[in-house]
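What follows is a short report on a single structure.
In what follows, chains are A, B, ... by sequence order, proteins preceding strands, each numbered from 1. What you are looking at is a predicted structure, and each value in this text was computed from that prediction instead of being measured.
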Number of protein chains: 2
Amino acid sequence: MSDLLERLRERGWRMTAQRRVVAEVLDGQHVHLTADEVHARATERLPEISRATVYNTLGEMVSIGEVIEVATDGRAKRYDPNAHRPHQHLVCSRCGTIRDVHPQGDPLAALPASERFGFAVSTVEVTYRGVCPDCAA
Amino acid sequence: MSDLLERLRERGWRMTAQRRVVAEVLDGQHVHLTADEVHARATERLPEISRATVYNTLGEMVSIGEVIEVATDGRAKRYDPNAHRPHQHLVCSRCGTIRDVHPQGDPLAALPASERFGFAVSTVEVTYRGVCPDCAA
DNA sequence: ATCCTACGATAGACACTGTCTAAGTCAAGA
DNA sequence: TCTTGACTTAGACAGTGTCTATCGTAGGAT
Ligand SMILES: [Mn+2]
Ligand SMILES: [Mn+2]
Ligand SMILES: [Zn+2]
Ligand SMILES: [Zn+2]
């Protein structure tokens, strides 16, 4: 039983087979799947699940803060169940592999007030890029 | 005459009306247009310019390092002619306005070797998000 | 100045990503 | 068990980006 599923139940979500399967697919560390990848894996367990339901369910999980949307490439958004521990991402510029990383300090602190132009800055996303060990070999 | 156009000529680019117009549209500070926005503005000056040419030209400018691709919203990529001064982006989470910002220090330095997992890390992109003064009013 | 031709531009089909609607289904409380 | 409104579904549609076959022309050659 995934923690994610447990938290959804506590929020009063109706527990459908579709939502269970999406939550199961998202379970794990360093999981950063696109919506259509989630759909493909969900279909293995529940063949009749629709694309629309996967998109809807992911969107709901994001809106309640249980899943984070990550846009590391210009293509499809990726869905990250590791929403309760702040982290950033390290992406291989060749194969696209994504790792969670934890930089030192608060990235927000590096932006001085004079560079905020009156914005109320609330979040920061950092994407490190480079070549992973497998691709460098 | 834009600096961008001058540098393209120095690289031996064939100077077509289409490339001139794309370079002119990209001229300026805090310019972060999508490809289709570039196409719309280019069409005002050169009505028959095609979408494919705009996409091709932007892609070529990116590949030679004269323009930077920015993906701040998970939707269309944006094209930034300010490629010769390293900078990061501050995005309004309500209206989408983008400002160039210059954080203190090297953002790469915040990622310790123990968090690099053998990657040869070469670049970092930082996106700050918050509400701009106009949207806060 | 004119000619040649390789490089660039074009139209439009196609693929991928995401949204929406109308109709059918079912989880869970009464 | 019944009821109901929340949920799911298929598929149409929209936005973004890529590709190919064909046409046009910038710029060097003559
Ligand atoms: Mn992550
Ligand atoms: Mn910029
Ligand atoms: Zn790699
Ligand atoms: Zn704003």
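The pair B:Arg78-B:Glu69 does not count as a salt bridge, with every side-chain nitrogen at least 4.0 angstrom from each carboxylate oxygen. Ion pairing of A:Arg19 with A:Glu60 is present here, as a side-chain N (NZ or NE/NH1/NH2) and a carboxylate O approach within less than 4.0 Å.
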Expected rows: protein N/O vs nucleotides 11-21 of chain C N/O, under 3.5 Å:
{"from": "C:dG18", "atom 1": "OP1", "to": "A:Lys77", "atom 2": "N", "distance (Å)": "2.9"}
{"from": "C:dG18", "atom 1": "OP2", "to": "A:Tyr55", "atom 2": "OH", "distance (Å)": "3.3"}
{"from": "C:dG18", "atom 1": "N7", "to": "A:Arg51", "atom 2": "NH2", "distance (Å)": "2.7"}

Output a table of nitrogen or oxygen pairs between the protein and nucleotides 25-30 of chain D separated by less than 3.5 Å.
{"from": "D:dG27", "atom 1": "OP1", "to": "B:Met15", "atom 2": "N", "distance (Å)": "2.7"}

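Side-chain atoms of A:Asp100 and A:His32 include a donor-acceptor pair closer than 3.5 Å. Side-chain contact of B:His84 with B:Glu66: a donor-acceptor pair under 3.5 Å is present, judged by distance alone. Under 3.5 Å, the side chains of A:Asp80 and A:His87 contain a donor-acceptor pair of N or O atoms.
Without hydrogens or angle criteria, A:Glu37 side chain to A:Thr34 main chain gives a donor-acceptor distance under 3.5 Å. Here the side chain of B:Arg41 pairs no donor or acceptor atom with the backbone of B:Val25 at under 3.5 angstrom.
At whole-Å resolution of the value, NE2 in A:His39 and P in D:dT8 are 12 Å apart. Distance, A:Leu46 CG to C:dC26 P: 11 Å, rounded to whole Å. Rounded to an integer number of Å, the gap from CG of A:Asp73 to P of D:dT18 is 12 Å.
Using a 4.0 Å cut-off, some side-chain N or O of A:Gln18 falls inside it from OP1 or OP2 of D:dT9.
Every pair passing salt bridge (charged side-chain N to carboxylate O under 4.0 Å, His left out) that includes a residue from residues 48-58 of chain A is listed here, sequence neighbours excluded: A:Asp36-A:Arg51.
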